[in-house]
Amino acid sequence: MASNFIVGLDIGTSSTKVAVAEMSGGRVVLRALFKEPSAGMRRGSVNDLSEAVPALMKTFEKIKSISKSALRKIYVNVGTPEVKAQHSKGIVAVSRVDNEIYQDDIDRVTKASQAITIAPNRIIVHNITREFIVDGVPDISNPLGLSGNRLEASSLIIDAFAPHVKNLMRAVEMAGGSIAASVFGPIASARAAVSKKQKELGVVLIDIGSATTGFSVYEEDKLLGTHTFPVGSGNVTNDLAVGLKIPVAAAEALKLHHGHAYSRDVGQKEVVDLKKFSPESRGTVSRRFVSEIAESRLAEILEFVNNELKLLGKSGGLPGGAVITGGGAKIPGLTELAKQELKLATQIGFAIGANWLKDGVSNPEETVEDPEFVNALGLVLWGGDNEGWWEEKESSLFDFKKIVRSLLP
C-alpha cells in the first residue's frame, strides 16, 4: 500500500528536526513537528555511524508511533560544507521542420546543459534548470509549443563530497528509513521561508545552524548561487566558553538566556551572575561583554555571506532583503546586526504559504513559526512538490475556471 506520508528530516550537528505530514482527504495535515538530540555528526556530516544510527533509531521510533509507513518516504537535508555550485549551458537545434519545440527537444537540451565532468569523489545533488533561451531570447520558463531554430538551457549543478552524502544515506537506511530524495539545506529552507515575490525581487536566505551556515540567493525567481560555511551559532558558544572560562554547557545556557547579537542595544550596567550557569564560577560579567563576543562571531558569519554576494554582484543589491533561519536566528539583535553588515532589509524567517492542517502537533503556531524548524518544513514542501500534493488543487482550480469560461456568452 502506498504511503500518504512525507517526512522532512533535518539532521543537524547538535539536533535533528523532524516534520511529518500526511495527505488525508485531499488536505495536507501536519502530524508532528519535533526535535531530538543528534549524535555522530560533525559540521553537518555523519562522521561516526555507530553513534548516528542509534540516535536516528530513537527519532524514528517517534515517527513510527504516528505511522510505520511514514518512514518509507523521507526527504533528508544535506548540510555538509563540502558543496559546490556551478553554472552550465546546453544548446540543441530544434528537430522539427516547422520549428515547433516539443518535449523531446526540451529533454535533449536539459540533458546537454547538465552534462558536466565532476571528480570521482563528488556526487550531483541537484540539477536545477534556471531558464531556457529560444533563438537568443532569455528568461523562458517553459518553451513547449514555441517556435525557434535554436534552444538553449541554463542549469545550476550542485554537487557534494560523495562520502558525506553516502554516509548520510547509509545512516538513515541502517536506522530503518527509506530516502525519497536528498535536498541541499539552504534550498529546502528557501522553499519554506521565502516568498515568490521575494525571489522575483532578489533575496538571500541565510540558515544559521549549530556548526554550519548555509545561504541561497535568488533573483527573477532563479537560483543564482548557494553555499555552506563550516561555522555556526555553536562557535558563539565556544567563544563564550573560552572568553569567560566556563564549561561549554554553561556557555550555551548563557547565550540562550542573555546573548545578544547587537551590543549597542545592551546597557553597560547590565550584569550576569555566572554562578547561575556554572556553580564553580565566581563573580559577574557584563552583559555588554557577552554580547560583544557573540556579535564578533556573528559579524564574521555575515561577512562570509557578504563576500559571496560580492562575487555574485549582489552585495547590498537585493530588494527582497535577507531572510535568516535556523537555530542561530533566535539570538536577539541578529536582524539589526545583519542590516548593518549586509546593508539589506532583514527578517527572521519561518514557514510561510503552507495551507496545512495541524493535527497532533503540540503548540502548532509556536513551532511552525520557529525558525529552527524551517528546514524540516521546507523538506516536506519540497516532497509535496515531487509527490504532486499541490497539483490536484491547482488542476481543480483550472478546471473550474474553464467551466466558468464555457458558460460565459
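Values in this document were obtained by computation on a predicted structure and should not be read as measured data.
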Q) Which of these, Leu240, Leu256, Val272, Ile246, sits in a side chain to side chain contact (heavy atoms under 4.5 Å, CB included) with Phe277? A) Val272
Q) Does any non-hydrogen side-chain atom of Asn4 lie less than 4.5 Å from one of Ser24? A) no
Q.
How about NE2 on His257, more than 12 heavy atoms from neighbouring residues, nucleotides or ligands closer than 6.0 Å, or not?
A. no
Q.
Assess whether a salt bridge exists between Glu252 and Lys255, defined as any Lys/Arg side-chain N lying under 4.0 Å from an Asp/Glu carboxylate O.
A. yes
Q) Restricting to pairs with a member in residues 324-345, which pass salt bridge (charged side-chain N to carboxylate O under 4.0 Å, His left out), not counting sequence neighbours? A) Lys330-Asp370, Lys330-Glu372
Q | Glu173 bridged to Arg170 by N-O distance under 4.0 Å | A | no
Q: Give me the ring orientation class for Phe229 and Phe215: parallel if the planes are under 30° apart, tilted from 30 to 60°, perpendicular past 60°.
A: parallel
Q.
Can you give me the closest heavy-atom contact between Asp135 and Gly148, atom names plus distance?
A. OD2-CA, 3.2 Å
(Q) Contact between Val183 and His126 at the side-chain level, heavy atoms closer than 4.5 Å - yes or no? (A) yes
(Q) Show every side chain to side chain donor-acceptor pair (under 3.5 Å) that has at least one partner inside residues 264-276, sequence neighbours left out. (A) Tyr262-Arg264, Glu270-Arg287
Q: State, with a plain yes or no, whether a side-chain heavy atom of Ser216 is found less than 4.5 Å away from one of Leu223.
A: yes
Q) Which value, rounded to the nearest 0.5 Å, describes the distance between Leu379 atom CG and Ser189 atom OG? A) 7.5 Å
**Q.** N-O pairing of Glu300 and Arg297 below 4.0 Å
**A.** yes
(Q) So if I apply the side chain to side chain contact (heavy atoms under 4.5 Å, CB included) rule between Met169 and each of Val172, Val165, Asn167, which one comes out positive? (A) Val165
Q.
For a quick test of reading the model, state the closest non-hydrogen atom pair linking Ile206 to Leu342 and the distance between them.
A. CD1-CD1, 3.7 Å
Q | Of Val231, Ile208, Leu298, Ile293, the residue whose pairing with Val236 passes side chain to side chain contact (heavy atoms under 4.5 Å, CB included) | A | Leu298
Q. Is there a side-chain contact (heavy atoms from CB on, under 4.5 Å) between Ser45 and Asn47 once you walk through the steps?
A. CA-CA 6 Å; Ser45 305; Asn47 73 330; 6.0 Å; no
Q) Would you say the side chain of Phe132 lies within less than 4.5 Å of the side chain of Thr110, judging by non-hydrogen atoms? A) yes
Q.
Could you tell me if the side chain of Thr226 sits less than 4.5 Å from the side chain of Phe184, heavy atoms only?
A. yes
Q. Which distance, rounded to the nearest 0.5 Å, do you find between the CG of Leu49 and the CG of Leu168?
A. 10.0 Å
(Q) Do Thr16 and Ser38 pair up side chain to side chain, a donor and an acceptor below 3.5 Å, judged on atom types alone? (A) yes
**Q.** Rounded distance (nearest 0.5 Å) linking atom OG1 of Thr237 with atom CG of Leu254
**A.** 9.0 Å
Q: Check the pair Met41 / Val46 against side-chain contact (heavy atoms from CB on, under 4.5 Å), numbers first and verdict last.
A: CA-CA 5 Å; Met41 300 290 294; Val46 177; 3.5 Å; yes
**Q.** Atom of Ala338, atom of Ile324 and distance for their closest heavy-atom approach
**A.** CB-CD1, 3.9 Å
Q) Considering all heavy atoms of both residues, which atom of Tyr218 and which atom of Leu318 are nearest to each other, and what is their separation? A) O-CD2, 4.3 Å
Q: Of all the heavy-atom pairs spanning Leu156 and Ala85, show the shortest one and how long it is.
A: CD1-CB, 4.3 Å
(Q) Among residues at least two apart in sequence or on other chains, which ones pass side chain to side chain donor-acceptor pair (under 3.5 Å) with Thr212? (A) none
Q. Are the side chain of Ser286 and the backbone of Arg288 linked by a donor-acceptor contact shorter than 3.5 Å?
A. yes
(Q) Strictly distance-based, threshold 3.5 Å: is any side-chain N or O of Arg122 a donor or acceptor partner for the main-chain N or O of Thr117? (A) no
Q) With a 4.5 Å limit on heavy-atom distance, are the side chains of Leu309 and Val217 in contact? A) yes
Q | Polar side chain donor-acceptor pair, Ser263 to Glu295, under 3.5 angstrom | A | yes
Q.
For Val374 and Asp207: C-alpha separation, side-chain torsions, deciding distance, then whether side-chain contact (heavy atoms from CB on, under 4.5 Å) applies.
A. CA-CA 9 Å; Val374 164; Asp207 188 349; over 6 Å; no
Q: Could you walk me through whether Leu33 and Leu377 pass side-chain contact (heavy atoms from CB on, under 4.5 Å), step by step?
A: CA-CA 9 Å; Leu33 195 60; Leu377 291 166; 3.9 Å; yes
Q | Ile352 and Ser195, any side-chain heavy atoms less than 4.5 Å apart | A | yes
Q. Where the side chain of Arg43 meets the backbone of Ala211, is there a donor-acceptor pair that is under 3.5 Å apart?
A. no
Q.
Side chains of Val125 and Asp159, heavy atoms from C-beta outward: is any pair under 4.5 Å?
A. no
Q: Rounded to the nearest 0.5 Å, what's the gap from NZ on Lys64 to CG on Leu71? Could you check?
A: 6.5 Å
Q. Tyr102 and Leu144: which non-hydrogen atoms are nearest, and at how many Å?
A. C-CD1, 3.7 Å
